[in-house]
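Here the structure is a predicted model, which means the values were calculated and not measured.
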Amino acid sequence: MKPTKITLFLFYYFIIIYFIYVALSGIAFPKHSYPSYIINGFFLIYTIYVTFKYVEIKRFMVPMYLFFIYLLILIFFSSNFFNSAQTYIKTLIPALFLPISFTFIKDINQLKKFNKILILFLLLYLINFILTNFFKIGRTPYSRLDSDFSLYVGNVFTEGLNSIAYILVILPLILYLDKKNKKIVIILGVLALVALLLNLKRISILAVFIGYFFLIFFSKRKSYFIKSIVPIILLLLILYPFYKEPLQYQFLNRSSRFTEDFYENEGRYIETKLVWDEVFSFNSIQHSLFGKEMFNSPGNYGGGIFGERPLHMDYNSLLFGSGILGLLFYFYYNLVILKYFLKLKKHLPSKNNLINIMNATFISVFLMSFIISISGSFGSVTFNTIRSIYLGAILGIFNNIKFNDNLNKNSNLCLKK
């Protein structure tokens with residue numbers, strides 16, 4: 001069944017709509033107010049509706065669906081069901097976009113359309129970055145308000161930075177498919193990278209470097225990715241005098257986070273020790289196997305010594321909330337997705353340049369998400385959706401090439417570069 005125009009519009013422009021909502025939340029309207037419930041409720045209904053109406057369930061999708069059914073059961077045992085349900089919904093929505101993308105994106109032209117959305121996202125992020133600093137709006141992570149170099153982010157911090165990290169790693173594929181606008185895309189990418197560096201969010205920056213390492217390592221066209229990096233590095237060096245002072249200021253504010261023993265006072269390190277010691281003590285077999293307080297960790301882990309601070313790492317959140325079974329289930333469903341990709345990959349032409357770049361991009365986006373999970377991603381909609389849509393798109397295109405009745409004709413149309 002062919003999706004309607006409004007269905008496709010909401011699919012392609014979802015990350016733009018949601019980004020605008022995140023940017024306005026807490027500024028144009030209070031956080032956790034009616035607009036928040038309306039937009040999350042609407043897109044929950046949308047993704048479920050599209051799943052049932054348009055998505056043909058493939059075997060590789062089943063473990064993911066079962067995983068979220070398992071989590072849904074667990075949140076009914078939470079002492080704060082409303083809080084758990086909110087995070088669950090904002091974790092489920094991005095996940096459902098993977099099979100939806102698999103269904104809606106079947107060829108390179110459709111992928112190009114989504115690539116344009118990613119470039120638009122870069123532009124919107126930079127506009128938000130400029131406006132919030134010009135008008136001094138919202139948060140100033142890692143900065144002091146009394147400094148000339150205080151960095152304002154409005155309400156877009158982790159959602160925006162991790163989204164930029166994914167897009168920067170996808171950028172070589174975008175450039176390969178859109179040589180016409182190459183200069184504009186590179187400039188936007190470099191400016192977004194400067195903004196990422198200025199924020200000095202370690203996981204986002206690390207994810208980009210690791211993502212590019214995977215791109216080069218898994219690619220048969222290593223020279224292409226290396227050449228893609230050269231103009232970016234040159235532009236960064238040319239622009240360095242313009243962002244040198246604020247970058248140095250940010251680094252001084254974060255200097256304690258870059259010492260050899262910083263991890264000893266790092267919240268994520270302490271929470272990991274507390275959660276893993278508690279779960280693997282097996283003092284409660286039920287807790288160890290099935291967890292407790294799914295997506296409701298504040299005040300409930302480590303004897304409450306962290307107060308209202310929630311668990312930050314996804315792995316800790318899963319282990320504490322869904323137990324050993326839940327954490328293993330999470331890795332299993334992701335492994336099934338990877339195995340399906342590798343299965344499709346075997347049937348595709350190995351010497352095709354575009355296929356090779358798409359292969360490396362899939363693996364990089366897939367693997368770097370496990371790095372980002374160290375910082376925490378559950379309940380973050382925008383960047384998780386970018387990941388899901390791109391993985392689903394590449395799987396959808398590869399699947400279409402493999403199984404289309406007119407394989408040779410369609411392969412030529414899809415892979416002509």
Side-chain angles (χ1 to χ4, degrees), residues 10-11 14 18 32 36-103 275 279 284-301 310-337 369-370 372-373 376-385 387-389 391-392:
L10 290 172
F11 166 74
F14 170 75
Y18 206 89
H32 309 300
S36 300
Y37 305 138
I38 290 170
I39 194 163
N40 285 299
F42 172 80
F43 280 111
L44 174 64
I45 294 169
Y46 168 80
T47 49
I48 292 175
Y49 166 77
V50 172
T51 298
F52 280 101
K53 189 170 180 66
Y54 298 108
V55 175
E56 180 185 351
I57 307 297
K58 299 287 186 180
R59 185 178 296 178
F60 82 93
M61 303 174 187
V62 174
M64 186 195 78
Y65 290 132
L66 292 176
F67 172 75
F68 279 96
I69 290 171
Y70 173 65
L71 295 190
L72 179 61
I73 293 170
L74 292 179
I75 68 171
F76 280 98
F77 295 93
S78 169
S79 61
N80 188 337
F81 174 79
F82 184 72
N83 186 57
S84 295
Q86 280 185 300
T87 305
Y88 175 81
I89 289 169
K90 290 194 288 185
T91 303
L92 175 65
I93 290 172
L96 292 178
F97 269 100
L98 192 151
I100 293 172
S101 176
F102 177 87
T103 304
V275 169
V279 170
S284 168
I285 299 298
Q286 180 178 321
H287 174 205
S288 294
L289 292 180
F290 305 106
K292 64 179 181 180
E293 302 290 351
M294 188 70 235
F295 294 138
N296 185 40
S297 60
N300 292 313
Y301 69 96
L311 289 168
H312 282 52
M313 288 180 62
D314 289 347
Y315 311 115
N316 294 338
S317 181
L318 273 177
L319 189 61
F320 178 77
S322 62
I324 296 171
L325 290 179
L327 184 61
L328 292 176
F329 205 162
Y330 171 76
F331 285 118
Y332 173 70
Y333 98 68
N334 277 286
L335 181 62
V336 170
I337 292 172
S369 65
F370 293 98
I372 288 175
S373 288
S377 68
F378 292 140
S380 297
V381 176
T382 312
F383 65 82
N384 281 323
T385 302
R387 173 191 185 268
S388 290
I389 290 180
L391 295 183

Q: With sequence neighbours left out, what residues match Phe82 under ring-ring contact (aromatic ring centres under 6.0 Å, His included)?
A: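 So Phe82 forms a ring-ring contact (aromatic ring centres under 6.0 Å, His included) with Tyr37.
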Q: List for me each residue that meets side-chain hydrogen bond (donor to acceptor under 3.5 Å, both in side chains) alongside His312, sequence neighbours excluded, and say none if there are none.
A: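 side-chain hydrogen bond (donor to acceptor under 3.5 Å, both in side chains) list for His312, sorted by chain: Arg309.
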Q: How many angstroms lie between atom CD1 of Ile75 and atom CG of Asn80, to the nearest 0.5 angstrom?
A: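 These two atoms lie 11.0 Å from each other.
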Q: Between Phe329 and Tyr332, what is the ring plane arrangement, given parallel below 30°, perpendicular above 60°, and tilted in between?
A: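 Ring orientation, 0 to 90° scale: tilted.
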Q: Tell me, please, which residues at least two apart from Phe331 pass ring-ring contact (aromatic ring centres under 6.0 Å, His included).
A: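 ring-ring contact (aromatic ring centres under 6.0 Å, His included) list for Phe331, sorted by chain: Tyr315.
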Q: Apply ring-ring contact (aromatic ring centres under 6.0 Å, His included) to Tyr49 and list each qualifying residue two or more places apart in sequence or on a separate chain.
A: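 Checked Tyr49 against ring-ring contact (aromatic ring centres under 6.0 Å, His included); zero matches.
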Q: Taking ring-ring contact (aromatic ring centres under 6.0 Å, His included) as the definition, give me every residue that meets it alongside Tyr18, ordered by chain and number, with sequence neighbours left out.
A: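 With sequence neighbours excluded, Tyr18 shows a ring-ring contact (aromatic ring centres under 6.0 Å, His included) to Phe14, Tyr21, given in chain and number order.
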Q: So does Leu96 get a backbone contact from the side chain of Thr47, meaning a donor-acceptor N/O pair under 3.5 Å?
A: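 A pair under 3.5 Å: no.
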Q: Would you mind telling me which of Thr385, Ile93, Val381 makes a side-chain contact (heavy atoms from CB on, under 4.5 Å) with Phe43?
A: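 The option that passes is Ile93.
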Q: Sequence neighbours left out, what passes side chain to side chain contact (heavy atoms under 4.5 Å, CB included) with Ser388? Give chain and number order.
A: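 Applying side chain to side chain contact (heavy atoms under 4.5 Å, CB included) to Ser388 gives Phe97, Leu98.
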Q: In Å, rounded to the nearest 0.5 Å, how long is the span from CD1 of Ile324 to NE2 of His287?
A: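 One finds 9.5 Å between CD1 of Ile324 and NE2 of His287.
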Q: Please report the interatomic distance OG(Ser369) to CG(Leu391), rounded to the nearest 0.5 Å.
A: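 Between atom OG of Ser369 and atom CG of Leu391 there are 7.0 Å.
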Q: The criterion is side chain to side chain contact (heavy atoms under 4.5 Å, CB included); which residues satisfy it with Ile285, sequence neighbours excluded?
A: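 Residues passing side chain to side chain contact (heavy atoms under 4.5 Å, CB included) with Ile285: Phe282, Leu289.
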Q: Do the side chain of Tyr46 and the main chain of Phe11 share a donor and acceptor less than 3.5 angstrom apart?
A: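 Indeed, once roles are kept as given, a pair shorter than 3.5 Å links the two residues.
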Q: In Å, rounded to the nearest 0.5 Å, how long is the span from CD1 of Ile45 to CD1 of Ile48?
A: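 Ile45 CD1 to Ile48 CD1: 8.0 Å, rounded to 0.5 Å.
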Q: For residues 53-74, which side-chain donor-acceptor pairs fall under 3.5 Å, sequence neighbours excluded?
A:
from  : atom 1 : to     : atom 2 : distance (Å)
Tyr70 : OH     : Ser322 : O      : 2.8

Q: Could you tell me whether the side chain of Thr91 and the main chain of Thr87 form a donor-acceptor pair under 3.5 Å?
A: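 Side chain of Thr91 to backbone of Thr87, a donor-acceptor pair under 3.5 Å: yes, one is there.
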Q: What is the distance from atom OG of Ser84 to atom CZ of Phe77, rounded to the nearest 0.5 Å?
A: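 Rounded to the nearest 0.5 Å, the OG-CZ separation comes out at 12.5 Å.
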Q: Could you walk me through whether Asn83 and Ser78 pass the side-chain hydrogen bond (donor to acceptor under 3.5 Å, both in side chains) test, one step at a time?
A: CA-CA 9 Å; Asn83 186 57; Ser78 169; over 6 Å; no
Q: Determine which pairs satisfy salt bridge (Lys or Arg N to Asp or Glu O under 4.0 Å) with at least one residue from residues 288-298, sequence neighbours left out, and list them in order.
A: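 Counting only pairs at least two positions apart or across chains, the salt bridge (Lys or Arg N to Asp or Glu O under 4.0 Å) contacts touching residues 288-298 are Glu278-Lys292.
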Q: If I take atom CG from residue Leu311 and atom CG from residue Asn300, how far apart are they, to the nearest 0.5 angstrom?
A: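 The CG atom of Leu311 sits 9.5 Å away from the CG atom of Asn300.
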Q: Identify the residue among Phe378, Phe81, Phe320 that makes a ring-ring contact (aromatic ring centres under 6.0 Å, His included) with Phe295.
A: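 Output: one option passes, namely Phe378.
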Q: Could you note down all residue pairs passing salt bridge (Lys or Arg N to Asp or Glu O under 4.0 Å) where residues 313-335 supplies at least one of them, sequence neighbours left out?
A: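 Qualifying pairs, neighbours excluded: none.
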Q: Please name all residues satisfying side-chain hydrogen bond (donor to acceptor under 3.5 Å, both in side chains) with Thr382, sequence neighbours left out, ordered by chain then number.
A: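 For Thr382 the side-chain hydrogen bond (donor to acceptor under 3.5 Å, both in side chains) partners, ignoring immediate neighbours, are Glu159.
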Q: If I compare all heavy atoms of Ser380 with all of Pro94, which pair ends up nearest, and what's the gap?
A: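 Ser380 and Pro94 have their closest heavy atoms at O-CG, 4.2 Å.
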Q: Just grab all the salt bridge (Lys or Arg N to Asp or Glu O under 4.0 Å) pairs involving residues 71-94, residues at least two apart or on different chains.
A: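 Listed by first then second residue: nothing to list.
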Q: Shortest non-hydrogen contact from Phe383 to Gly376?
A: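 For Phe383 and Gly376, the tightest heavy-atom pair comes out as CZ-O, 4.2 Å.
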